[in-house]
Amino acid sequence: MSHDQADYLELLARGAAAEAYERPALLARASGAGPETLAALEHAKQLALRVRAELEGRRRREAELSALFETAHDLAGLRDLDAVLRAIVQRARSLLGTEVAYLSLNDPSAGDTYMRVTEGSVSARFQQVRLGMGEGLGGLVAQTARPYVTDSYFDDARFEHTPSIDTAVRDEGLVAILGVPLMLGSQVIGVLFAADRRARVFEREQVALLASFAAHAAVAIDTANLLAETRSALAELEKATEIIRDHSGVIERASEVHDRLTEVVLRGGGVDDVAAALSEVLDGTVRFTDSHPDAPGDGRAIRRDQEWVAAVSAGGEDLGALVLRGHADLDPVDRRTLERGAMVTSLLLLARRSAHEAEQRVRGELLDDLLDAPDRDPRLLRERADRLGADLDVPHVVLAARMEGPDSGVPEHESAGRGASGRSAEGRGAGTSVERESADRQRLWAAASHLAATRSGLAAARDGGAVLLLPLGLDDDASELARRAARQLGGALREPVTVGASASVAVPADDPSPIAGAYDQARRCLDALRLLGRAGQGAAAQDLGFLGLLLADPGDIDGFVGRTMGEVVAYDRRRGTDLVRTMDAYFASGMSPARTKDELHVHVNTVAQRLERIGRLLGPDWQSPGRALEIQLALRLHAMSEAVAR
């Protein structure tokens, strides 16, 4: 690594701004560095920027999760409702990076809504605004109980504009506004907002994050109201002893639930631990299910036959449901307990998902390093693998996988070579969008990462597909591993997946350098499978006969093709003719000129003229059995090399 390239590590270490990464290349260019040095610096810069972006993304996600758990901790020790609501608004503003955040609450007695907490506001009029129900963006959120976002408030006609609201918004200078409802059961009690004084687009993750904060705010308000009711009941002790006793039981049960759920979260428990704690508190059997058709989307616990069901969701995404059995009737407190348990479950599921996604990325980074930087310290590579549960001290196989969509199959250039189809490349790709291809690659990477994790291996997205490094079991071989991977990935994605396997790599931990060559071999095997019409299958080079031997050790493939049919290839390139395609169609048609002309859609005299030209280029014995076999093999290898080149 050069000194200039090492500068990027220093920039990463000190957390420099993105603009600073241009400086090493500028200095090198000013000092007269050559093109190779500048290209190496550009490559190092791109890698460093990718690492920087990944680190920033992780820090952001960690900050979001930390803020959510800190908010949960504040609720656990709730003493001052105003302080908790201010903390929620401050954290929402900080994490979403907005200039202003605020929270409004409904006033049923006055029939309007009022500003409760603001952060970043500079306008006294805005801070004191009151508006009627159904007015402004907040009114739209309250009416629909759904988040709404506008990137230009004054140009948005979806909600009712009134002079008082527009004046306050204009006085504050707000342009882009995101609002999410504060819900207690099915009732909207207010709205939590994040806003900017410039146009911006709020991402889905930001909407979900603000919705999580809104859920916390609603819990804080609900808890404060419950405590207020309890204090009121205690004040009337002499008049309603029975009522006080009931409320005392309510407080005791709420405290027990609070303590149990807090304990589960703090000791790192999972969804099953939450269900077990709720089972004891509610005197029934609580279980978590991935989906439940009767679960209400508003977070309320409802009764269905002999069960009570509470949806587990976050930011509008359905994550499953908690189901309580064995409890014929629930009072409001027990019902609220089940609903709060569902909210805690959603937070745990989101945390587990984030951890799983982070582990998948780390596995991909390690495999990328094994492929691209095999000269790394083997000790450090082994330590990284051990942390991921991957054993690099046993033989492994490299697998190259590619997802075959509905229109996939034999590559388009091969169809042209055979003359079997007149469809153009544009015709084949007409129904495939860039967005779908990107989504398919993401799905394949996710499925490959899951397979690698269950097999103590590694996986990464690469070259429009996925690459896996899997250990060989005692009874495994490369062929069986490829076939099994094709079945499992295809079953998980409900789409055919083609998998090519390399030969065994002895001990990657001792010497990772063969992994890159094994990946090239696996890719050649994958291309050969698709070329041979075996898309959606898995195989190793040893399964492909003589063609497989050439794939396993490419040797002088170009030289073989050149010696066998190079004159014809060169003639086509010089004259723009179709002799190679004609030979392929001729052999595919059983060496029948009549069937060949049908395949190529030309006159039989044209076929005869082309065959005569081929004979003059290759010699009169080109159709003899021995020469014909070599030429057909050369045609296959030539088509495969063209496929790899494309």
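No hydrogens, no waters, no symmetry mates; every other heavy atom, side chains included, goes into these values.
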Legend entry - Results of side chain to side chain contact (heavy atoms under 4.5 Å, CB included) for Val188 - residues two or more places apart only: Ala142, Ala145, Pro181, Met183

Inset, instruction - Output the distance between atom OG (Ser121) and atom CD (Glu99), rounded to the nearest 0.5 Å. - result: 12.0 Å

Legend entry - Between CD on residue Gln488 and NE2 on residue His450, distance to nearest 0.5 Å: 9.0 Å

Legend entry - NZ/NE/NH1/NH2 to OD/OE distance under 4.0 Å, Glu172 and Arg197: yes

Inset, instruction - Could you give me the CA-CA distance, side-chain angles and deciding distance for Thr118 and Gln127, then say whether side chain to side chain donor-acceptor pair (under 3.5 Å) is met? - result: CA-CA 7 Å; Thr118 65; Gln127 296 167 14; 4.6 Å; no

Inset, instruction - Report the C-alpha separation of Glu480 and Arg487 in whole Å, then their side-chain angles, then the decisive distance to 0.1 Å, and conclude whether the salt bridge (Lys or Arg N to Asp or Glu O under 4.0 Å) test is met. - result: CA-CA 11 Å; Glu480 177 57 30; Arg487 289 195 303 270; 3.7 Å; yes

Inset, instruction - Report yes if the side chains of Leu178 and Leu96 come closer than 4.5 Å at any heavy-atom pair, otherwise no. - result: yes

Inset, instruction - Compare all side-chain heavy atoms of Leu103 with those of Val191 and state whether any distance is below 4.5 angstrom. - result: no

Legend entry - Partner set under side-chain hydrogen bond (donor to acceptor under 3.5 Å, both in side chains) for Gln90, not counting sequence neighbours: none

Legend entry - Check: Glu404/Thr498 side-chain N/O donor and acceptor closer than 3.5 Å: yes

Legend entry - Residues in salt bridge (Lys or Arg N to Asp or Glu O under 4.0 Å) contact with Glu160, at least two apart in sequence or another chain: none

Legend entry - salt bridge (Lys or Arg N to Asp or Glu O under 4.0 Å) partners of Arg336, counting only residues at least two apart: Asp222, Glu339

Inset, instruction - Taking all heavy atoms of Ala218 and all of Leu182, pick out the closest pair and write down the distance. - result: N-CD2, 4.3 Å

Inset, instruction - Measure across Val129 and Ala168 and return the closest heavy-atom pair with its distance rounded to 0.1 Å. - result: CG2-CB, 4.1 Å

Legend entry - Expected output: side-chain Arg462 to main-chain Leu468 donor-acceptor under 3.5 Å: no

Inset, instruction - Evaluate the side chain to side chain contact (heavy atoms under 4.5 Å, CB included) criterion for residues Val286 and Val323: first the C-alpha distance (whole Å), next the side-chain angles of each, then the deciding distance (0.1 Å), finally the verdict. - result: CA-CA 5 Å; Val286 178; Val323 180; over 6 Å; no

Legend entry - Gln206 vs Arg200 side-chain heavy atoms within contact, under 4.5 Å: yes

Inset, instruction - Looking only at non-hydrogen atoms, find the nearest pair between Ala485 and Leu399 and report the distance. - result: CB-CD1, 3.8 Å

Inset, instruction - With the side chain counted from C-beta on, respond yes when Leu444 and Leu493 share a heavy-atom pair under 4.5 Å apart, and no when they do not. - result: yes

Inset, instruction - Any pair with a residue in residues 174-186 that passes salt bridge (Lys or Arg N to Asp or Glu O under 4.0 Å), sequence neighbours left out, goes on the list, sorted by first then second residue, please. - result: none

Inset, instruction - Could you grab the distance from atom OH of Tyr153 to atom CG of Asp196, nearest 0.5 Å is fine? - result: 16.0 Å

Legend entry - For Tyr102, ring-ring contact (aromatic ring centres under 6.0 Å, His included) partners two or more places apart: Phe126, Phe193

Inset, instruction - List in chain and number order the residues that pass side chain to side chain contact (heavy atoms under 4.5 Å, CB included) with Arg455, two or more places apart in sequence or in another chain; answer none if no residue qualifies. - result: Leu451, Leu470, Asp476, Leu481, Arg484

Inset, instruction - Report the C-alpha distance between Ile177 and Val149 in whole Å, list the side-chain angles of each, state the deciding distance to 0.1 Å, and finish with yes or no for side chain to side chain contact (heavy atoms under 4.5 Å, CB included). - result: CA-CA 6 Å; Ile177 305 176; Val149 61; over 6 Å; no

Inset, instruction - Identify the heavy atoms of Ala460 and Asp368 that sit nearest to each other, and give their distance. - result: CB-OD1, 3.8 Å

Legend entry - Sequence neighbours excluded, every pair satisfying side chain to side chain donor-acceptor pair (under 3.5 Å) that has a member inside residues 131-149: none

Inset, instruction - Using modelled atom types only, decide if a donor and an acceptor are shared between the side chain of Thr98 and the backbone of Ser94 within a distance under 3.5 Å. - result: no

Legend entry - Smallest separation among heavy atoms of Pro496 and Gly536, with atom names: CB-CA, 3.9 Å

Inset, instruction - Return the minimal non-hydrogen interatomic distance between Ala199 and Val175, and the atom names on each side. - result: N-CG1, 3.8 Å

Inset, instruction - Look up atom OG in Ser456 and atom NE2 in His396, then write down how far apart they are to the nearest 0.5 Å. - result: 8.5 Å

Legend entry - Separation between OG of Ser449 and CG of Leu458, rounded to the nearest 0.5 Å: 9.5 Å

Donor-acceptor contacts, no H, no angles, side chain residues 109-116, under 3.5 Å, sequence neighbours left out:
from	atom 1	to	atom 2	distance (Å)
Ser109	OG	Asp107	OD1	2.6
Asp112	OD1	Arg130	NH2	2.9
Asp112	OD2	Arg130	NE	3.0
Thr113	OG1	Leu105	O	2.8
Thr113	OG1	Asn106	OD1	3.4
Arg116	NH1	Asp82	OD1	2.5
Arg116	NH2	Asp82	OD1	2.8

Legend entry - All ring-ring contact (aromatic ring centres under 6.0 Å, His included) counterparts of Phe202, not counting sequence neighbours: none

Inset, instruction - Apply side-chain hydrogen bond (donor to acceptor under 3.5 Å, both in side chains) to Arg158 and list each qualifying residue two or more places apart in sequence or on a separate chain. - result: Asp156

Inset, instruction - To the nearest 0.5 Å, tell me how far Ile189 CD1 sits from Leu184 CG. - result: 4.0 Å

Inset, instruction - Answer yes or no: is there a side-chain heavy-atom contact under 4.5 Å between Met403 and Arg441? - result: no

Legend entry - Ala486: partners by side chain to side chain contact (heavy atoms under 4.5 Å, CB included), with sequence neighbours left out: Val499

